[in-house]
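Notes follow the structure.
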Amino acid sequence: MPQGDLGVLGMNSSLTTGGSGEARTLLSTVISPLNAGDTVYAIFSSLGAGDFMQATQQLYVQVEKWTQTA
Amino acid sequence: MTDSHDVPADRRRRVLLGASGAALALGAASARAGGGRPTSPLYAIARLRYAMSANAYLPTVGDTYVLPLSMLSATDGSADSTLNADNTITINTTGMYRILLSVDWIGAHGHDSALRTAGLRRRPAGSQRIVTSPGVLTRIADTDEQLATQDLPGSATPPTVRFPAPPDGAKTVVTPFPWTPGTIAAFSAVDVDVTMPIAGVVKPGDVALASLSSLSTAAMDVNALDALSISAKVIAPDTVRVSVLNTSTRH
């Protein structure tokens, strides 16, 4: 059998990596006009079964009204 | 309380700190602009922050749900928006708004990797309200105006190690490791033991795969190729044995 380039891939069958317990992200809109009576809301979805959002101080929606004063 | 009115907008883009309860951390914001930006518009910013009172478990995969905001967590006295029972927020005063969404979920829960999406949506005044059921997350078609969206990959993959490994990460070229199994008698195997370049990833009982570029139609006839089988197994911590087995009944 002739020479070839050998490649090996090892994979741990019990440990995981990259599984942060605090995958926090801050998302912002641009400053844009909203009318009285508009409703805004946050959405979430996942392709992973059993996924959930954690009710912590890092979970919020903040509504800011910007009024030009000068 | 609104912020003071005499600071350029770009100096005022602060977010509230993670204060507990209804406590605010708006800061004094009393610094006056210097001479560098004399024509910048000046803004007052009024803020309300809404939060959840309990974890929100997605009941189905791939569907979009309304994040179940349930309480006011911080305010500076603004009456510009109101939290509704259907977890949406009604804008009370026409104007210019910025909306922030901060999410917090475990990196990946019960799976190796998956796509996640979080975002902010707007439904215009006069539209039909979102239909909800008490105590149940509201699934929606996600057809409202998308003010902001972020797709996020979740990850909790198995640790892996390659041999040979790129010396300085993904953008460097791997130096090939040539191997010549030589003549392999029928029903015999030729082995090579490989020390994996990153210690602590694999041990007996873990998974290993192997490849050899000379197992190809360019290097041998099809009968020989069909008869040869390559396998790998972790025989000791960080050590993988690669075997090429000749399963042929003929020489």
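Here is the naming used below: chain letters follow the sequence lines, and residue numbers restart at 1 for every chain. The shown structure was predicted, so the numbers you read here are calculated from the model rather than taken from an experiment.
- For the pair A/Met53 and B/Asn55, the minimum side-chain heavy-atom distance is 4.5 Å or more.
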Report task. Take A/Met1 and B/Leu228 through the test side-chain contact (heavy atoms from CB on, under 4.5 Å) and record every step on the way to the result. Result -> CA-CA 9 Å; A/Met1 186 178 172; B/Leu228 294 171; 3.9 Å; yes
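- Proximity of a side-chain donor or acceptor of B/Ser213 to a complementary backbone N or O of A/Asp5 within less than 3.5 Å is detected.
- The salt bridge (Lys or Arg N to Asp or Glu O under 4.0 Å) contacts involving residues 25-40 of chain A comprise A/Asp38-B/Arg122, where partners must be two or more places apart or lie in separate chains.
- When each of B/Val192, B/Val161, B/Val242 is paired with A/Val8, the side-chain contact (heavy atoms from CB on, under 4.5 Å) condition holds for B/Val242 and for no other.
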Requested in this report: Apply side-chain contact (heavy atoms from CB on, under 4.5 Å) to B/Leu58 and A/Phe44, showing your working.
Outcome: CA-CA 9 Å; B/Leu58 284 164; A/Phe44 67 133; 3.6 Å; yes
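- Counting heavy-atom pairs closer than 4.5 Å to chain A, the top residue among B/Ala219, B/Ser216, B/Ala118, B/Ala224 is B/Ala118.
- Side-chain atoms of B/Asp104 never come within 3.5 Å of backbone atoms of A/Gln58 as a donor-acceptor pair (strictly under, hydrogens ignored).
- The CD1 atom of A/Ile31 sits 13.0 Å away from atom OH of B/Tyr97, with the distance rounded to the nearest 0.5 Å.
- Looking at B/Ser53, only its backbone comes within 4.5 Å of chain A, counting heavy atoms on both sides.
- Separating the CG atom in A/Asn12 from the OG1 atom in B/Thr160 is a distance of 10.0 Å, to the nearest 0.5 Å.
- Smallest separation of non-hydrogen atoms from B/Leu101 and A/Ala42: CD1-CB, 3.9 Å.
- More than 12 heavy atoms of other residues, nucleotides or ligands lie within 6.0 Å of NZ in B/Lys203, so this atom counts as buried by the packing criterion.
- Residue B/Arg47 holds its CZ atom at 5.5 Å from CD of A/Glu64, rounded to the nearest 0.5 Å.
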Query - Chi angles and distances behind the side-chain contact (heavy atoms from CB on, under 4.5 Å) call for A/Leu34, B/Thr94 - result: CA-CA 6 Å; A/Leu34 293 176; B/Thr94 297; over 6 Å; no
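- Looking at heavy atoms from C-beta onward, B/Ile140 lies in side-chain contact with A/Ile43 at the 4.5 angstrom threshold.
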Report task. Apply the test side-chain contact (heavy atoms from CB on, under 4.5 Å) to residues A/Asn35 and B/Ile91: give CA-CA distance (whole Å), side-chain angles for both, the deciding distance (0.1 Å), then the verdict. Result -> CA-CA 7 Å; A/Asn35 298 317; B/Ile91 301 299; over 6 Å; no
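- Considering only heavy-atom pairs separated by less than 4.5 Å from chain A, the leading option among B/Met52, B/Arg123, B/Arg121 is B/Arg121.
- Counting heavy-atom pairs closer than 4.5 Å to chain A, the top-ranked of the candidates B/Thr60, B/Val61, B/Ile99, B/Leu215 is B/Ile99.
- The contact between B/Met96 and chain A is made by backbone and side chain atoms together, counting heavy-atom distances below 4.5 Å.
- Here the side chains of A/Val40 and B/Leu147 are in contact, with some heavy-atom distance below 4.5 Å.
- Contact annotation for B/Val240: only side-chain heavy atoms (C-beta onward) come within less than 4.5 Å of a heavy atom of chain A.
- Of all heavy-atom pairs between B/Pro164 and A/Gly7, the closest is CD-CA, 4.4 Å.
- Summarising the geometry of A/Leu59 relative to B/Ala51, their closest heavy-atom pair is O-CB, 3.6 Å, with the distance given to 0.1 Å.
- For B/Thr149, the part sitting under 4.5 Å from any heavy atom of chain A is the backbone (N, CA, C, O) and nothing else.
- At a 4.5 Å heavy-atom cutoff, the contact between B/Thr93 and chain A is made by backbone and side-chain atoms alike.
- We find the OG1-CD distance between B/Thr180 and A/Gln3 to be 4.0 Å, quoted to the nearest 0.5 Å.
- Two residues are said to be in side-chain contact when any heavy atoms from C-beta on lie closer than 4.5 Å; A/Tyr41 and B/Ile130 meet this criterion.
- Heavy atoms closer than 4.5 Å to chain B are found in the backbone of A/Val30, but not in its side chain.
- Within the 4.5 Å cutoff, no side-chain heavy atoms of A/Val63 are placed close to those of B/Asp80.
- The minimum heavy-atom distance linking B/Arg98 with A/Thr29 is given by the pair CG-O, 3.5 Å.
- Only the side chain of B/Val244 comes within contact range of chain A, judged by heavy atoms closer than 4.5 Å.
- Among B/Ala208, B/Gly182, B/Ala210, the residue making the largest number of heavy-atom pairs under 4.5 Å with chain A is B/Gly182.
- Listed here is the closest heavy atom pair of A/Leu47 and B/Gly62: CD2-CA, 3.7 Å.
- Using cut-offs of 30° and 60° on the angle between ring planes, the pair B/Tyr57 and A/Phe52 is parallel.
- Between chain A and the options B/Ala56, B/Pro59, B/Ala148, B/Ala232, the largest number of non-hydrogen pairs under 4.5 Å is found for B/Ala56.
- The shortest side-chain heavy-atom distance between A/Thr25 and B/Gln150 falls under the 4.5 Å cut-off.
- Between A/Met11 and B/Leu209, every side-chain heavy-atom pair lies at or beyond the 4.5 Å cut-off.
- Checked by atom type and distance alone, the side chain of B/Ser102 never pairs as donor or acceptor with a backbone atom of A/Tyr60 at under 3.5 Å.
- At a 4.5 Å heavy-atom cutoff, B/Ile198 makes no contact with chain A through either its backbone or its side chain.
- Scanning all heavy atoms of the two residues, the minimum distance from B/Trp105 to A/Ser45 falls at CH2-O, 3.7 Å.
- Contact count against chain A (heavy-atom pairs under 4.5 Å) is highest for B/Pro178 among B/Pro178, B/Pro176, B/Gly205.
- A donor-acceptor pair is defined here as one N or O able to donate and one able to accept, closer than 3.5 Å; no such pair exists between the side chain of A/Thr39 and the backbone of B/Thr88.
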